[in-house]
Structure formats: C-alpha cells, structure tokens
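Here is the naming used below: chain letters follow the sequence lines, and residue numbers restart at 1 for every chain.
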There are 2 protein chains.
Amino acid sequence: MSCMATLKEKGLKLTPQRILITDIIHDARGHLTAGEIIGRVQAKMPGVNKSTIYRTLDILEEAGCVYKSELDNELVYHHDDKGHHHHLKCTQCGKIVDCDETILEPLHNSLIKKYGFHVDFKHMVINGICAECENKNN
Amino acid sequence: MSCMATLKEKGLKLTPQRILITDIIHDARGHLTAGEIIGRVQAKMPGVNKSTIYRTLDILEEAGCVYKSELDNELVYHHDDKGHHHHLKCTQCGKIVDCDETILEPLHNSLIKKYGFHVDFKHMVINGICAECENKNN
DNA sequence: TTTATAATTGCAACAAGGTGCAATAAAGAT
DNA sequence: ATCTTTATTGCACCTTGTTGCAATTATAAA
C-alpha cells in the first residue's frame, strides 16, 4: 500500500473516498474503465461524486500509482505493478491482444535519434486488423 | 473533387450540407478539429446541426476521403491528399512535431511477424517529451 | 413535372469527462 | 479536545461526441 504513503508525501489528504478508490484499483486484476470504477465505488460508498473519482484517478496517475490509457474512446486505468504492456486492438472484430513492451524498443530508439523525442510508451493502444480477420478478408 | 463522385457511387446523396463540409476540409491546409469544422460550416450555413457534421465526417472517413485522428482528446480531421504522417506530441510543453511515416515501418513489420497483426498507421499521435523539454529537465 | 422512396436532416436527449465554487473535512498545532 | 488551515468534496453546469426518431429532401422513375 505504498500509494497512500506516496500521496501523504505529496501533502495530499487521505480521505475515505481516496482510500476506497485506491483499494478498488489494487484489488482489480487487469484494467478497469472509469465507468466500472465509478460503479464499484458507489456500490460501497453511495453518494461519491464522479468528479471526485475522476480527480482522484488523475492524482493517482500523476503520483505514478496508476496508469491511464484509452480504449475505445473510454479511459481505462490499472495499477502500477502489472508491468508495462501494450494492446493491439482489431478494428474489425474488436478483439484485443496484449503484446509486450520490447516490441516498441526500436521505435523508441529511432525517435530519440531522429527527433530527440522521448516517447512515453505505457500501455499504448494500437489499432489495426488481427491475423484472423486478415485471413477472412482474403 | 472526387469525394463527391465517391459518395455518389456509394448511393449517398449530395446534400448542400455535405458539399459544404467537404469543401471546407478540402480548402484547409493541415488538420481541423471537429470544433473548427463546426464553426466554419455554421458560419456559411447557419442552422446546420452538429450531429449532421459528425455524421458527414464519419461518412467521409469511411469513404477514404478524410482521415480522422485524436489530438488532446479531440477529434481532428484532414484531407486525404496530404500524405500520411504522424504527430509527436510533447506532454510537457504541448508542442507537436510532425514525423514521417517511414519511422514506423520496422514496428509495422515486427507486429506482422510476431502477431500477424496489421497496424493501421495513419496519422498516429504519439505522446512523450520533446528534445527541448528533456534538456530543460536535466 | 409530378410522384415515390429511401437517405438525410434537425432535434432532443444522452454519455463520458471536466471545471469553478461554496461547503466540508483531514491533519497538524495549540 | 479544540482550533485553524488548507485540501477536498459535492454540486451544478459545461463540452465533445453519439443516437433514436419524426420531418424533410435528393434522386430516379413515371
């Protein structure tokens, strides 16, 4: 539970809402959409406002406790300690395949060389056509 | 103006609204946000509803006349004939650097090899830290 | 030129996410 | 245990984008 400690170090207050939200993300395996988080929070603590939840998620993200990415025009969050990985999303069948981080290393390096640009490659979502759909199409 | 021809071939109707929207994207250099398009359309033809505009943009995208991408949680559109390129967006200073398509070729190939996944690499937005900000930080 | 028909529009309502502000509550000081 | 300060909450409202549906209009046929 170092998330709480991290927040405290930043001079942030440990409110019941924040503790609950952090616990929910901790307990989840894989990612949760903002909507799922809102549902789970309000099930345990009715009356918590969605803006509180969005704000807390932003704080946790900035503190490095949680990663935020975008899937299907929805924000998704997951806890730090699952390791970085990326999502290959098939725009035809909707299937999502996880792929590991190393595949983006070469791109990372060439962008630094050519543009001095340091990419933030955490849980990217890459759209395209998966192997099965590609076969069906041909 | 082959956009209009393309729409006609698909059995779609050439309404004044569609013609205006298509012209505006044609006339623009670089990309336009959805909001900018809505503003320009309504300046020339007041009363056109935003849902008409969003729907037309989707149709034009599916017809291959226009490319849609996402910049800063906003949809941006640009006309076909500017060629593919990508945007490197600095999350610190907000600056956007265009980079050319070839830089993603190796990734494209390795995703096909490892996962059989055919990435749709049109006008991606890649977040990170630009050279200048990186220098300032150190 | 009129008519038939299917596509399209505008509208109203909705969903996700974000923001300014007054009321509230956590945390340290007394 | 109480007070003070400052962060945080909830609220109401806003923005971008989407959707179902009745009214309208482009198009092609008569």
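Hydrophobic clustering (side-chain heavy atoms under 4.5 Å, transitive across Ile, Leu, Val, Met, Phe, Trp, Tyr) keeps A:I112 apart from A:V119. A single hydrophobic cluster is not seen to contain both A:I129 and B:Y67; linkage of ILVMFWY side chains at heavy-atom distances under 4.5 Å, directly or through other members, places them apart.
Rounding to whole angstrom units, CD1 of residue B:I21 and P of C:dT9 are separated by 7 Å. In this structure, CD1 of A:I59 is placed 14 Å from C1' of D:dT6, rounded to the nearest angstrom. The distance from atom CD of A:E36 to atom P of C:dG17 is 11 Å, rounded to the nearest whole Å. Rounded to whole Å, atom C1' of C:dT9 lies 9 Å from atom CZ of B:R18. We find that NZ of B:K8 is positioned 13 Å from P of C:dT8, with the value rounded to whole Å. Going from atom CG of B:L75 over to atom P of D:dG17 covers 4 Å, rounded to whole Å. Taking atom OH on B:Y77 and atom P on D:dG17, their separation rounds to 7 Å, with Å as the unit. The distance from atom CG of A:N49 to atom P of C:dA16 is 14 Å, rounded to the nearest whole Å.
Checking B:L14 against B:K50, the closest nucleotide of DNA chain C that is more toward the 5' end is the one next to B:L14. Between A:D58 and B:G11, it is B:G11 whose nearest contact on DNA chain C lies nearer the 5' terminus. With the nearest nucleotide of DNA chain D identified for both A:Q17 and B:T33, A:Q17 has the one nearer the 5' end. Residue whose closest nucleotide on DNA chain D sits further toward the 5' end, between B:E74 and B:K13: B:E74.
Judged by distance alone, with hydrogens and angles left aside, B:R55 brings no side-chain donor or acceptor close enough to the base of D:dG17 to form a pair under 3.5 Å.
Comparing atom distances between the A:Y54 side chain and each of C:dG18, C:dT9, D:dG17 picks out C:dG18 as nearest. Comparing D:dC11, C:dG18, C:dC11 by their nearest atom to the side chain of A:S51 picks out D:dC11. Looking at the side chain of A:L12, the nearest of the listed nucleotides C:dC11, C:dT9, D:dA7 is D:dA7.
Here B:T56 contributes atom OG1 and B:I24 contributes atom CD1; the two are 11.0 Å apart, rounded to the nearest 0.5 Å.
Inter-residue side-chain proximity for A:K68 and A:L60 is flagged as unmet; no heavy-atom pair is nearer than 4.5 Å. The shortest side-chain heavy-atom distance between B:R18 and B:I59 falls under the 4.5 Å cut-off.
Residue-level contact check: B:T15 touches the backbone only, with heavy atoms under 4.0 Å from sugar-phosphate atoms and none from bases.
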